[in-house]
Number of protein chains: 2
Amino acid sequence: MLWRNRATGGAVDEEHVVVWERPERGARGPAAVHSRAELAAVAVTLADRDGLAALSMRRLATALGTGPASLYRYVAGREDLLDLMTDAVTGEIDLDAPLGGDPVADLTALALRTRAVHLRHPWLSDVPPEPLRLGPRGLDYLEYAIRAMADVELPGRAKTEAVALVNALVAQFARVEPRDGDGGDDRRAARAGYLVRAATAGNHPHLAAALADDADVSPRETTEELFERTMRRVIGGLLSDTR
Amino acid sequence: MLWRNRATGGAVDEEHVVVWERPERGARGPAAVHSRAELAAVAVTLADRDGLAALSMRRLATALGTGPASLYRYVAGREDLLDLMTDAVTGEIDLDAPLGGDPVADLTALALRTRAVHLRHPWLSDVPPEPLRLGPRGLDYLEYAIRAMADVELPGRAKTEAVALVNALVAQFARVEPRDGDGGDDRRAARAGYLVRAATAGNHPHLAAALADDADVSPRETTEELFERTMRRVIGGLLSDTR
DNA sequence: AGAAACTGCGAACATCGATCGCAGTTATGG
DNA sequence: CCATAACTGCGATCGATGTTCGCAGTTTCT
């Protein structure tokens with residue numbers, strides 16, 4: 001057997017197991033000083049403040065008052081940490097809200113609550129979207145979403161994919177949202193400047209027109225309203241059984 | 001003045017310029033051995049073969065037969081390289097296909113062609129989605145997409161955002177697509193195994209049902225057909241002016 | 001009581017992106 | 001025509017990262 005460490009699964013011969021299927025603690029040794037939940041909580045705090053790129057194993061270890069090597073007693077690697085963090089903030093989404101029965105309305109409401117989490121934790125849209133990053137709270141989330149589609153006549157695969165698509169859209173919206181930190185205004189201004197410059201310089205009449213139209217018409221619509229309207233349309237399109 | 005290097009813009013006081021706004025070559029020194037286009041081409045080849053994570057400055061330099069430091073004569077950093085690569089493969093999309101006049105159909109067709117590029121270059125969905133990663137070919141792409149919506153009565157901002165959303169969806173679909181390399185079958189199987197195990201073990205009846213339904217009904221629909229159908233619905237939803 | 005399984009962690013390794021400075025090369029201006 | 005400025009390639013190197021190894025100490029099981 002190649003088992004070397006219960007918590008990290010350091011050498012599980014070729015078969016990488018997910019964090020959630022590895023026991024957090026053994027029963028033999030001394031009591032652990034920290035816990036996965038604590039790791040996740042502190043990591044989320046750091047990421048909230050300095051962004052995901054600034055979250056390194058060392059910094060997390062320092063914030064926990066220990067050395068980098070110690071973290072690997074709780075986690076097999078950085079990936080596991082991202083799993084933990086993602087699931088932790090997923091737990092902030094209220095899943096006790098009763099379903100009204102209209103799938104489109106229910107999923108739109110859920111998307112709005114998901115959006116709130118993204119706004120609270122901007123690093124969330126920077127987490128590399130693994131094909132299956134689902135912890136316990138993620139599973140609850142998925143269950144809730146699929147339950148909202150109980151009356152929809154669609155194959156199971158279509159439903160799960162619909163949830164993935166909706167989440168991808170929420171992340172995309174969150175990315176566009178202006179982030180408060182790191183004076184992103186300069187960057188944004190520079191970027192936008194380049195866009196209009198390039199659009200007008202090159203031969204891109206439609207683009208230029210769209211950008212000009214954008215500058216003229218002041219957005220009287222809240223971003224949240226725009227989000228909700230768009231989301232309702234997309235979800236409606238996704239669930240429609242019209243061929 | 002803080003100018004130190006024309007090509008990389010190494011120290012442009014606080015104002016980071018995009019790659020595309022920096023001249024590729026000065027007029028004074030000796031002829032450059034390589035070019036941005038060559039960098040991009042080789043980088044794309046490497047990423048196609050080994051994935052984006054395996055593409056480091058050093059490896060690219062080695063593939064070019066030079067040292068890592070030399071790359072910074074053509075590019076300000078890894079970000080610039082990603083810009084170059086993204087724009088290069090964007091250029092593979094045919095933008096000469098005539099528009100039929102139906103925005104939904106035209107955009108769906110464009111999305112299909114974009115999907116083909118993603119399948120050809122799986123690393124594309126791993127490129128961190130910067131808010132504005134648009135090179136010359138990207139601008140042409142955007143122009144084409146907006147032109148397809150010429151008759152749609154929507155504010156400019158809505159149109160550009162619609163394109164971004166569609167692209168996000170294409171990327172999401174590409175992520176789900178089984179990748180040929182690195183024996184991802186094992187990972188996928190392990191992941192899927194965990195999903196059904198967790199869904200049935202915990203209290204997730206709807207999820208379990210959806211997964212079971214998925215396993216039973218063999219997918220008689222091509223992934224491409226599923227993609228096209230979904231895309232048409234979503235785009236239709238996005239462009240509908242119904243309140 | 002001894003073995004087994006665990007814990008924290010200092011030290012170290014490989015790799016990464018990026019910078020600096022220098023020798024050599026080319027164009028420009030007086 | 002030549003000195004100067006601007007440029008190129010690149011070896012050496014820096015700081016930071018994720019991760020591993022081995023050891024001393026601790027707790028539980030048999």
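Computed from heavy atoms alone, side chains included, the values below leave out hydrogens, waters and symmetry copies. By convention in this document, chain letters (A, B, ...) are assigned in the order of the sequence lines, proteins followed by strands, and residues within each chain are numbered from 1.
Heavy-atom distances to DNA chain C give each of B:Ala69 and A:Gly67 a nearest nucleotide, and the one nearer the 5′ end belongs to A:Gly67.
Both tests pass for A:Arg115 against the ring of A:Phe227: distance under 6.0 Å to the centre and angle within 45° of the axis.
Applying the side chain to side chain donor-acceptor pair (under 3.5 Å) criterion to B:His121, with sequence neighbours excluded, gives B:Asp48, B:Glu92. Scored by the side chain to side chain donor-acceptor pair (under 3.5 Å) test, B:Arg28 finds no partners at all (sequence neighbours excluded). With sequence neighbours left out, A:Ala88 forms a side chain to side chain contact (heavy atoms under 4.5 Å, CB included) with A:Ala40. Partners of B:Ala198 by side chain to side chain contact (heavy atoms under 4.5 Å, CB included), not counting sequence neighbours, listed by chain and number: A:Leu139, B:Tyr194.
Look at B:Thr66 and you'll find a side-chain N or O under 4.0 angstrom from OP1 or OP2 of D:dC10. Between B:Tyr74 and D:dG9, a side-chain N or O to OP1/OP2 separation shorter than 4.0 Å is present. When the side-chain nitrogen and oxygen atoms of B:Arg25 are compared with OP1 and OP2 of D:dA6, none of them lie within a distance under 4.0 Å.
When the C1' atom of D:dA12 is taken as reference, atom OH of B:Tyr72 falls 15 Å away, rounded to whole Å.
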Per-nucleotide protein contact string for nucleotides 21-30 of chain C (B base, S sugar-phosphate only, - none; heavy atom under 4.0 Å): B--BBBBS--
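Each of C:dC20, C:dG8, D:dG9 was ranked by its minimum atom distance to the side chain of A:Val33; first place goes to C:dG8.
With respect to the salt-bridge test (charged N to carboxylate O, under 4.0 angstrom), the residues B:Asp80 and B:Arg22 qualify.
Between A:Tyr74 and A:Val33, some side-chain heavy-atom pair lies under the 4.5 Å cut-off.
Rounded to the nearest 0.5 Å, atoms CZ (A:Arg78) and CG (A:Leu60) are 10.0 Å apart.
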Please write out the pairs of protein N or O atoms and N or O atoms of nucleotides 14-17 of chain D separated by less than 3.5 Å, giving the distance to one decimal.
from: D:dT17; atom 1: OP1; to: A:Ser56; atom 2: OG; distance (Å): 3.4

